[in-house]
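Notes follow once the structure below has been shown.
Below, chain A is the first sequence line, B the second, and so on; all start at residue 1. No experiment lies behind these values; they were computed from the predicted model shown.
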Protein chains: 2
Amino acid sequence: MGMYCRGMARAATTSDAFNAVAEPRRREILNYLALQERPVGEIVDALEMEQPSVSKHLRVLKDVGLVHARRDGRQMFYRTNAEAIRPLYEWAGTFERYWKHQLLRVKERAEAKSVAVKKD
Amino acid sequence: MGMYCRGMARAATTSDAFNAVAEPRRREILNYLALQERPVGEIVDALEMEQPSVSKHLRVLKDVGLVHARRDGRQMFYRTNAEAIRPLYEWAGTFERYWKHQLLRVKERAEAKSVAVKKD
DNA sequence: ACAATACATGCCCATATTAGAATATGTCAA
DNA sequence: TTGACATATTCTAATATGGGCATGTATTGT
């Protein structure tokens, strides 16, 4: 029977931006850090998360380059590296023409229906 | 299935498009099904994956509305629902102005440097 | 009814993850 | 050095995942 299971259950959160960003909390953090850099403590207060939790999320984000870190005294300032979100944007953008096309078809169908109603 | 869970280790892949799309294989499937609908067997052949694996990925994608399914005889035709990818696109797009700004700063710094060199 | 085809689902399991509590590291100030 | 403050890491327990493989289920053809 099954001896070795080489199962990578699920890609590591640190494997790429897609996986890192899958976590809602991390998206919140990225949103918060987009405007300006912030020390960890402020993130904790603003987003009402536990400090270790924030640190761990920041670690993941840093590992995939989604945030940059800078030390100032005892504080660590983090800021979003928007550049690292681009691949995501571009992949999703690949589908833009398709959803536009879909909307067109919906519109066409709606118009066809309205014509049919007028015919009645 | 999760009504209330003690420690949700990680958000379910079916919890939203972000989580569903985190899996590379599922992104491949979405790419493949964007142009036109296909039966499962063709996905299996084209992407060289095991059939049960494909079925399971399709289930996840369907649960979050990323694909639509249509039965025709013994075949199930799937197609990408591009509309469901938009939230992702829009979230990522939120950061567009930031990465543009970053590029600007990089350019400015480069120019400043070149001026400094000329001064020497 | 029976076989064949096309998918879907169930099970096992090593792996990765999460929150939370406790603890460790690092930095400054007196 | 000692203490206070700011972050990071470690350890736990609970859970979900994805690949393989086996089995179920639905639909068609004979």
Same apolar cluster: A:Ile43 and A:Phe77, side chain cutoff 4.5 Å: no
Exercise answer: donor-acceptor pairs, residues 33-42 of chain A side-chain atoms, under 3.5 Å, sequence neighbours excluded:
| unit_1 | atom_1 | unit_2 | atom_2 | d |
| --- | --- | --- | --- | --- |
| A:Glu37 | OE1 | A:Arg70 | NE | 3.3 |
| A:Glu37 | OE2 | A:Arg70 | NE | 3.4 |
| A:Glu37 | OE2 | A:Arg70 | NH2 | 2.5 |
| A:Arg38 | NH1 | A:Glu42 | OE1 | 3.3 |

Does A:Tyr78 share a hydrophobic cluster with A:Val60, counting links as ILVMFWY side-chain heavy atoms below 4.5 Å and allowing steps through other members? no
Spacing of A:Arg70 atom CZ relative to D:dT7 atom P, expressed in whole Å: 12 Å
Check side-chain hydrogen bond (donor to acceptor under 3.5 Å, both in side chains) between A:Asp45 and all other residues, then give those that pass, not counting sequence neighbours. none
Are A:Trp99 and B:Tyr89 an aromatic pair by the rule of ring centers under 6.0 Å? yes
In residues 21-31 of chain A, which ones come under 4.0 Å of DNA chain C, going by heavy atoms? A:Glu23, A:Arg26
From CD of A:Glu50 over to C1' of D:dA6, roughly how many Å is that when rounded to an integer? 15 Å
I need the CE-P distance between B:Met49 and D:dC21, as an integer number of Å. 15 Å
Applying salt bridge (charged side-chain N to carboxylate O under 4.0 Å, His left out), can you list everything that pairs with A:Arg27, at least two apart in sequence or on another chain? B:Asp16
Sugar-phosphate means primed atoms, P, OP1 and OP2; the rest is base. With that split, encode nucleotides 4-11 of chain C 5' to 3' as B, S or - using protein heavy atoms under 4.0 Å. BBSBBBBB
Who are the side-chain hydrogen bond (donor to acceptor under 3.5 Å, both in side chains) partners of A:Glu23, not counting sequence neighbours? none
OP1 or OP2 of D:dT17 versus the side-chain N and O atoms of B:His57: is any pair under 4.0 Å? no
Report the distance from atom CZ of B:Arg10 to atom C1' of C:dG20, rounded to the nearest whole Å. 19 Å
Check: B:Leu61 and B:Leu30 side chains under 4.5 Å, non-hydrogen atoms: yes
